[in-house]
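Data block below; observations after.
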Amino acid sequence: MDYRLPRGTRDILPQQAALFRRIQDTAVVLSDMYGYGEIHTPIFEYSELFQRGVGESTDIVEKEMYSFQDRGKRSLTLRPEGTAPIVRAFVEHKLYNEAMPARYYYWGPMFRYERPQAGRYRQFWQYGVEMLGTLSPWADVEVIKLGWDFFARLDIPTSLVVNNIGCADDRANYKQSLKQYFNSRPLCDDCNNRLGRNPLRVLDCKNPSCQQQMEDMPLIDQYICTECAQHFDAVLGGLEALDVPFERNPRLVRGLDYYNRTTFEYKTDKLGAQDALGGGGRYDGLVELLGGPSTPAVGFALGIDRLELLMSGKEDPAIRRGFWLVTMESVENQAALWAYKLRDRGVSIDFDLLGRSIKAQFRQADRSNCRWALVLGPDELAKGKGAIRDLVTGQQEEVALDGLVEHVLNLEGVKANGTDT
RNA sequence: GUGGGUGUAGCUCAGUAGGUUAGAGCACCAGAUUGUGGCUCUGGGGGCCGGGGGUUCAAGUCCCCUCACUCACCCCA
């Protein structure tokens with residue numbers, strides 16, 4: 001094989017695309033219902049946006065960015081996530097002057113340079129929402145609930161994990177005490193490294209000996225200020241009121257620097273090591289960081305590829321729709337015109353282009369999941385009629401060509417998917 | 001970046017201690033039914049056995065290198 005797709009990418013072939021589309025439709029309908037407006041930002045941005053927005057010490061910026069120089073010698077980066085670009089657009093177009101809160105949803109590919117494995121790609125698809133301009137705990141609740149509803153509509157069981165990582169001051173105090181605590185204890189090399197850069201990352205370590213060292217460590221709860229604590233309590237209260245089950249995990253630390261207060265992840269137990277289906281949180285400082293007015297915000301991003309993995313094999317059975325025209329070479333031109341007459345009226349109809357036998361044409365009709373076959377051979381045309389065969393029941397009837405189009409339009413399941421009611 | 005596993009037909013895989021012309025199921029094409037699908041039967045097309053080098057009279061099989069895929073670590077979607 002001479003040409004392959006690049007490592008970590010995948011083709012979405014028609015059969016898979018049906019599932020992909022179904023997931024997207026669910027996201028669009030639900031976002032719209034919640035009042036979120038569709039937004040698109042470029043696939044690439046100036047690298048500085050992510051360096052500043054996502055954070056220099058994050059894995060994304062340190063080793064996962066697809067960066068390149070354009071002909072103007074500017075450093076560009078294929079977007080590794082969706083929030084920073086949206087905040088950039090929010091600031092650039094001064095959208096903060098419109099009525100708040102602002103609600104946006106996005107859908108599209110993201111890029112991170114990592115070794116691929118099950119459920120992890122270098123180009124992957126995310127659906128995300130962002131709500132900007134309100135500090136209300138109900139904003140957090142709304143976003144979390146929206147994601148929860150999305151998984152529910154797709155019938156994907158997930159567990160919700162939430163945490164409160166407080167404000168910048170809270171975290172500074174907490175990091176200080178974590179450093180003190182771990183300084184006198186043995187940790188793995190990775191953790192010693194993390195301790196210097198971002199002690200919160202140590203909490204994520206799965207190394208058993210590190211886990212053991214964490215048993216008596218200080219928890220962030222003790223360092224949360226009153227305001228942040230009250231906010232989080234209100235969020236949890238909202239989730240309880242809406243019967244959204246959650247689990248608190250004081251060790252949930254998300255990989256992006258801009259989060260504060262509420263963080264959350266939707267998890268599955270069916271994908272092995274890649275158990276995160278999505279996550280998000282509050283990012284009250286990002287708008288200001290990127291040059292806008294101080295504007296609180298909250299949002300999530302969900303991984304579509306992992307959803308597909310969970311849902312493959314559970315696709316809806318294909319519905320039989322539309323026509324297949326069966327004809328013979330001697331009258332092919334005449335018959336083809338009838339196919340186009342029907343197409344002009346919105347009827348889904350296809351016919352053989354490979355000179356196949358009648359039998360093979362019927363087989364193709366069956367395989368293509370057509371509901372009907374329209375037979376227009378020399379015999380039928382000579383009689384001024386066409387034969388319509390129901391491929392489900394096997395019943396066949398003859399119809400005068402005069403009223404053929406109208407007759408077909410009165411049959412069920414003659415139009416393309418999504419256009420027939 | 002680090003480790004493990006796997007590379008044989010479009011797909012899933014078999015291939016015995018190295019031994020003639022590399023197999024099966026599914027899929028595809030055709031015929032049985034000379035104008036009628038699904039089921040069945042019969043036949044057919046389709047393989048640089050990932051690539052390169054080596055050992056041997058002989059390599060899909062053994063050795064070395066390499067590439068790719070895959071799983072896991074790190075981290076995340």
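Residue numbers begin at 1 in each chain, while the letters A, B, ... track the order of the sequences. All of these numbers come straight from a predicted model, not from anything done at the bench.
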By the 4.0 Å heavy-atom rule, please label [X] as base, sugar-phosphate, or nothing.
X: A:Q274; result: base
X: A:Q117; result: base
X: A:Q123; result: nothing
X: A:R367; result: sugar-phosphate
X: A:R122; result: nothing
X: A:A365; result: nothing
X: A:V326; result: nothing

Rounding to an integer number of Å, can you tell me how far [X] [atom1] sits from [N] [atom2]?
X: A:Q15; N: B:A27; atom1: CD; atom2: C1'; result: 13 Å
X: A:E398; N: B:U36; atom1: CD; atom2: P; result: 15 Å
X: A:L374; N: B:G35; atom1: CG; atom2: P; result: 18 Å
X: A:I358; N: B:G37; atom1: CD1; atom2: P; result: 11 Å
X: A:R115; N: B:U2; atom1: CZ; atom2: P; result: 8 Å
X: A:Y121; N: B:A77; atom1: OH; atom2: P; result: 16 Å
X: A:R371; N: B:G37; atom1: CZ; atom2: C1'; result: 14 Å
X: A:R389; N: B:G35; atom1: CZ; atom2: P; result: 16 Å

field: Residue closer to the 5' end of RNA chain B, A:D305 versus A:L271 (nearest nucleotide)
entry: A:L271
- request: Tell me which of A:V392 and A:A360 sits closer to the 5' end of RNA chain B, going by the nucleotide each one is nearest to.
  value: A:A360
Taking only Lys NZ, Arg NE, NH1 and NH2, and the carboxylate oxygens of Asp or Glu, determine whether [X] and [Y] approach each other closer than 4.0 Å.
X: A:R153; Y: A:D149; value: no
X: A:D221; Y: A:R248; value: yes
X: A:R10; Y: A:E308; value: yes
X: A:E114; Y: A:K63; value: no

Sticking with atom [atom1], work out how far [N] lies from [M], rounded to a whole angstrom.
N: B:G52; M: B:G10; atom1: C1'; answer: 27 Å
N: B:G3; M: B:G45; atom1: C1'; answer: 44 Å
N: B:C41; M: B:G5; atom1: C1'; answer: 42 Å
N: B:G15; M: B:G23; atom1: P; answer: 15 Å
N: B:C48; M: B:G31; atom1: P; answer: 28 Å
N: B:U42; M: B:C26; atom1: P; answer: 11 Å
N: B:G38; M: B:G53; atom1: P; answer: 49 Å
N: B:U61; M: B:U16; atom1: C1'; answer: 10 Å

Heavy-atom donor-acceptor pair, A:T263 side chain to A:R254 backbone, under 3.5 Å: no
field: A:F362 over B:G37, stacked by centroid distance under 5.5 Å, angle under 30°
entry: no
- prompt: Does some side-chain heavy atom of A:D11 sit less than 4.5 Å from a side-chain heavy atom of A:L5?
  reply: yes
Give the nucleotide from the list [options] with an atom nearest to the side chain of [X].
X: A:K63; options: B:U36, B:C71, B:C74; answer: B:C74
X: A:Q364; options: B:C29, B:G37, B:A77; answer: B:C29
X: A:L391; options: B:A77, B:C76, B:G37; answer: B:G37
X: A:D366; options: B:G38, B:A68, B:U70; answer: B:G38
X: A:D275; options: B:C29, B:U70, B:C76; answer: B:C76
X: A:E265; options: B:G31, B:A77, B:C71; answer: B:A77

Pairing nucleotide - [N], Watson-Crick or G-U, each distance under 3.5 Å:
N: B:C69; answer: B:G5
N: B:U42; answer: B:A30
N: B:A22; answer: none
N: B:A14; answer: none

Please confirm whether the shortest side-chain N or O distance from [X] to OP1 or OP2 of [N] is below 4.0 Å.
X: A:R120; N: B:C71; result: no
X: A:K359; N: B:G37; result: yes
X: A:R306; N: B:C76; result: no
X: A:R356; N: B:C29; result: yes
X: A:R7; N: B:C69; result: yes

Is there a donor N/O on one and an acceptor N/O on the other, under 3.5 Å, for the side chain of [X] and the base of [N]?
X: A:Q396; N: B:U36; value: yes
X: A:Q361; N: B:G35; value: no
X: A:E114; N: B:A77; value: yes
X: A:R363; N: B:U36; value: no

message: Please tell me whether A:E142 and A:Y36 have a donor and an acceptor in their side chains that are separated by less than 3.5 angstrom.
response: yes
query: For A:Q222, does the CD atom have more than 12 heavy-atom neighbours from other residues, nucleotides or ligands under 6.0 Å away?
result: yes
- line: side chain to side chain contact (heavy atoms under 4.5 Å, CB included) filter on A:T134, not counting sequence neighbours, yields A:P101, A:M131, A:S136, A:A139
